[in-house]
S.K.: 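Below you'll find the structure I mean.
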Protein chains: 2
Amino acid sequence: MSQSQLELRHLKTLLALAECGSVSQAAKRVFLTQSALSHQLKALEDHYGLALFERKTQPLRFTPAGERLLALAREVSGLVAGAERDMARLREGEAGELRIAVECHTCFDWLMPAMDAFRQHWPAVELDIVSGFHADPVGLLLTRRADLAICSEAEPQDGVVYQPLFAYEMVLIMAKDHPLAAKPVWQADDLASETLIHYPVPDVMLDLVRKVLKPAGVNPSRRTSELTVAIIQLVASRRGVAAMPFWAVKPYLDRGYIASARIGESGLQSELYAALRQDDVLLAYMRDFLHTVREQSFATLPGLSVLA
Amino acid sequence: MSQSQLELRHLKTLLALAECGSVSQAAKRVFLTQSALSHQLKALEDHYGLALFERKTQPLRFTPAGERLLALAREVSGLVAGAERDMARLREGEAGELRIAVECHTCFDWLMPAMDAFRQHWPAVELDIVSGFHADPVGLLLTRRADLAICSEAEPQDGVVYQPLFAYEMVLIMAKDHPLAAKPVWQADDLASETLIHYPVPDVMLDLVRKVLKPAGVNPSRRTSELTVAIIQLVASRRGVAAMPFWAVKPYLDRGYIASARIGESGLQSELYAALRQDDVLLAYMRDFLHTVREQSFATLPGLSVLA
DNA sequence: TACAATCATGAGGCAATTTCATTATTTTAC
DNA sequence: GTAAAATAATGAAATTGCCTCATGATTGTA
């Protein structure tokens, strides 16, 4: 019967729990085991003599007591984050440079809000996006034309460190009245007679082509577009199909504009890493930026999962 | 090299540190050893890579980094306290009864502000003071005419529990031009030819008489007054001397209205306890009231010390 | 200068938290 | 409806981290 008092650790757990809707998912978010969180939550409930949430539902529902503690967690976590930023600035100064190289188009969806938040917190750090879509963003790091690169693979390289951001599933989208719209899982062959719509980037940067179509020897006809919304429009108008992150198309799926399918039996998983120069890993504003990206993304994008 | 993150425990330590001005005093306030706090603070400084305060001064001075964390602590502690009150209300309900029996006049100095704060937090609890100064306030508890008694000794009694509040020193006050005004320590004999001014209560409730004068067989002439300010006036006008809590007379000492002396070599220590019925010990509003009293008193009264 | 008070430090003990392994329960799929 | 999968609870073992103890260093004071 542990009688330990409330700690910030507990509040962080509650926040993760509210965002994930399940104990096991929340456990991944705070890098602990499901068991640890189960014990921790039970200890909290014992401490206050109150149930904090109903376990029999999915996603779980908080009780009024749970809601109250959750409200505290929300109030406190912002204050703590602000104080810790100030501590970092006191240690390392206010200024710095953060030029970001981006390799994927959809990244902008989550990058922009994160950059906006970051600008508020670190007004003296020069924040930039390195223009163009480079096939080798990591090269830009070493030649000091960028300070941070967003990439989908962590290829070991001297002097470069990869920090996991998050993982998500790429889904195939098609018109609602597409003949195969009801098929929940598509295989490479199903795409043989389709038109594939994608961003105008080299094939190596298209996971669907590189990981699925090429290995299967399937080569559908192509069409490109720069803008996500334009691709959605083309798909809805039966001009072809496209592979998109689930979180990018969920709003359109919910409104019934298009249909979606899983790619391959176990789905096409995508991962995102931030690459930094080894020397910059400990920079406070760098760490804070990555933290902001993760926080914001998990809070706003549906279907994300934690990346080791 | 501990890398543990910030916890509420650390913030509480910083608050105690700011109020006490020394690590060892703060340690008593949070019921830990000086060593524990020293380790804890060092861990914090290591964690942020910043000094939090200068140890070479008395009272210690916070660095800007320390001030920043202290500010966080102040913001957060209020929020946490509020949430924990709400949790208690959720568990036990809003209402209750809290009738307080008081045995000493000066208690009102700290009791009133505490009661005001409490009323804000527990509007549905009936808060009262049991009128008159009873020689046996604990009796009122058992006959259910009071729910809490303030007393200066913890005499064991069935069904009654004593909770320590705080300890302080009683000092002798006299006119500034009193012949013995420069004497730093008075003994019982020094009072033989004085007039002792005190509240109109039985001798057993006067620590000076019971613990010092009676054992020494000294019996000075007396004069009584109901009001603290009136007693101060009489003392300043050379009508006699009085024994008062240090914290009650400090403002007058600072302004030079009167002089003070220690009573006996090691001073006359007074203690205050709250007596409750055993059954009420776990009542949330009761615990919160006692907590409020301690917090408020330590924050506003000078020279208090912790009571085991 | 010595003494008292305060603070720092390292080692050791202990308790709180985490993990592991397993069982119970709920949800999903067929 | 049952089987399989996912999720949560539980107890025991292990680890981690915190606190205390004992002692030495430092600061302020008579």
Side-chain angles (χ1 to χ4, degrees), chain A residues 1-14 16-17 19-47 51-63 66 182-185 262 265-267 303 305-306 308, chain B residues 1-14 16-17 19-47 51-63 66 184-185 262 265-267 303 305-306 308:
Chain A
M1 198 108 319
S2 73
Q3 199 52 32
S4 69
Q5 60 147 14
L6 184 72
E7 289 292 357
L8 290 181
R9 159 169 35 98
H10 300 122
L11 298 183
K12 290 184 177 153
T13 295
L14 288 177
L17 198 58
E19 274 182 14
C20 297
S22 96
V23 177
S24 13
Q25 287 307 107
K28 288 180 187 140
R29 285 284 289 281
V30 296
F31 299 102
L32 290 174
T33 60
Q34 170 267 321
S35 177
L37 250 61
S38 187
H39 283 296
Q40 197 178 98
L41 291 165
K42 180 160 168 32
L44 258 191
E45 295 189 319
D46 285 354
H47 176 66
L52 298 180
F53 52 89
E54 300 167 33
R55 295 87 203 293
K56 317 272 164 175
T57 70
Q58 192 68 16
L60 54 80
R61 263 213 319 276
F62 284 80
T63 63
K183 200 165 191 259
V185 177
R262 166 160 290 185
E265 213 52 65
S266 53
S305 54
V306 180
Chain B
M1 197 106 324
S2 74
Q3 200 53 31
S4 70
Q5 60 149 10
L6 184 72
E7 290 291 358
L8 291 181
R9 158 171 37 98
H10 299 122
L11 298 183
K12 290 183 178 155
T13 295
L14 288 176
L17 199 58
E19 273 183 14
C20 296
S22 96
V23 177
S24 12
Q25 287 307 107
K28 288 182 187 139
R29 284 285 289 281
V30 295
F31 299 102
L32 291 175
T33 60
Q34 169 267 321
S35 177
L37 251 62
S38 186
H39 283 294
Q40 196 178 101
L41 292 164
K42 180 160 168 34
L44 258 191
E45 295 188 320
D46 286 353
H47 176 66
L52 297 180
F53 53 89
E54 301 167 32
R55 294 93 202 293
K56 320 271 165 175
T57 69
Q58 193 69 15
L60 54 80
R61 263 214 317 277
F62 283 80
T63 63
V185 177
R262 168 160 288 186
E265 212 53 65
S266 53
S305 54
V306 179

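Throughout, a chain's letter reflects where its sequence line sits, starting with A, and its residues are numbered from 1. All of these numbers come straight from a predicted model, not from anything done at the bench.
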S.K.: When rounded to the nearest 0.5 angstrom, what is the spacing between CG in A/Leu60 and CG in A/Leu17?
M.R.: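 If I round to the nearest 0.5 Å, the distance is 4.5 Å.
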S.K.: Identify the two heavy atoms, one from B/Phe62 and one from B/Phe53, that lie closest to each other, and give their separation to 0.1 Å.
M.R.: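 Scanning both residues, the minimum pair turns out to be CA-CB, 3.8 Å.
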S.K.: Within this structure, what is the OG-CZ distance for the pair B/Ser4 and B/Arg9, rounded to the nearest 0.5 Å?
M.R.: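 Rounded to the nearest 0.5 Å, the OG-CZ separation comes out at 6.5 Å.
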S.K.: Rounded to the Å, how far apart are A/Leu52 CG and D/dA9 P?
M.R.: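 Whole-Å distance recorded here is 12 Å.
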S.K.: Report yes if at least one side-chain N or O of B/Gln40 is closer than 4.0 Å to OP1 or OP2 of D/dC19; otherwise report no.
M.R.: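 Yes, such a contact exists.
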S.K.: Testing the basics here: between A/Glu265 and A/Arg262, what is the closest heavy-atom pair and its distance to 0.1 Å?
M.R.: O-CD, 3.6 Å
S.K.: Expressed in angstrom and rounded to an integer, what is the separation of B/Lys12 atom NZ from D/dC19 atom P?
M.R.: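 In whole Å, D/dC19 P and B/Lys12 NZ are 12 Å from each other.
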S.K.: Could you list all N or O pairs between the protein and nucleotides 27-30 of chain D that sit under 3.5 Å apart?
M.R.:
unit_1	atom_1	unit_2	atom_2	d
D/dT27	OP1	B/Lys56	NZ	3.3
D/dG28	OP1	B/Lys56	O	3.0

S.K.: What is the distance from CG of B/Leu41 to P of D/dC18, rounded to the nearest Å?
M.R.: 13 Å
S.K.: Could you state the atom-to-atom distance from CG of A/Leu6 to C1' of C/dA16 in whole Å?
M.R.: 15 Å
S.K.: So, for A/Ala51 and A/Thr63, which heavy atoms are closest and what is the spacing to 0.1 Å?
M.R.: O-OG1, 2.7 Å
S.K.: Can you measure A/Leu37 atom CG to D/dA6 atom P for me and round it to whole angstrom units?
M.R.: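 Whole-Å distance recorded here is 20 Å.
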S.K.: Indicate whether OP1 or OP2 belonging to C/dA16 is found under 4.0 Å from a side-chain N or O atom of A/Arg9.
M.R.: no
S.K.: Starting at atom CD of A/Glu45, determine the distance to atom C1' of D/dT10, rounded to an integer number of angstrom.
M.R.: 15 Å
S.K.: If you check the A/Ser24 side chain, which of D/dT7, C/dT6, C/dT17 turns out closest?
M.R.: D/dT7
S.K.: Identify all pairs in which a protein N or O lies below 3.5 Å from an N or O of nucleotides 9-14 of chain C, and state each distance.
M.R.:
unit_1	atom_1	unit_2	atom_2	d
C/dT9	O4	B/Ser35	OG	2.9
C/dG10	O6	B/His39	NE2	3.0

S.K.: Suppose we screen for side chain to side chain contact (heavy atoms under 4.5 Å, CB included). Which residues come up paired with A/Lys28, at least two apart in sequence or across chains?
M.R.: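 Listed in chain order: A/Gln25, A/Val306.
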S.K.: Quick check: do A/His47 and A/His10 have side-chain heavy atoms less than 4.5 Å from each other?
M.R.: no
S.K.: Using a cut-off of 4.0 Å on non-hydrogen atoms, how would the nucleic acid contact of A/Thr33 be classed: base, sugar-phosphate, or nothing?
M.R.: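 Base contact.
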S.K.: What are the two closest heavy atoms between A/Glu45 and A/Arg55, and how far apart are they?
M.R.: OE1-NH2, 2.6 Å
S.K.: Sequence neighbours left out, what passes side chain to side chain donor-acceptor pair (under 3.5 Å) with B/Gln58? Give chain and number order.
M.R.: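 Not a single residue meets the side chain to side chain donor-acceptor pair (under 3.5 Å) criterion with B/Gln58.
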S.K.: Less than 4.5 Å apart, side chain to side chain, heavy atoms only: is that true for A/Leu44 and A/Thr13?
M.R.: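 Side-chain contact under 4.5 Å: no.
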S.K.: What is the distance, rounded to the nearest whole Å, between atom CG of A/Leu17 and atom P of D/dT7?
M.R.: 13 Å
S.K.: Can you tell which of D/dA8, D/dC19, C/dT19 lies closest to the side chain of A/Leu60?
M.R.: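 Given the options D/dA8, D/dC19, C/dT19, the side chain of A/Leu60 is closest to D/dA8.
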S.K.: First locate atom CG of B/Leu14, then atom NZ of B/Lys12, and finally report the distance between them rounded to the nearest 0.5 Å.
M.R.: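 The NZ atom of B/Lys12 is 12.5 Å from CG of B/Leu14, to the nearest 0.5 Å.
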S.K.: Expressed in angstrom and rounded to an integer, what is the separation of A/Phe53 atom CZ from D/dA8 atom C1'?
M.R.: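 A/Phe53 atom CZ is separated from D/dA8 atom C1' by 9 Å.
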S.K.: Mind listing the N/O atom pairs, protein and nucleotides 14-16 of chain D, below 3.5 Å?
M.R.:
none

S.K.: With sequence neighbours excluded, tell me which residues meet side chain to side chain donor-acceptor pair (under 3.5 Å) with A/Gln34.
M.R.: none
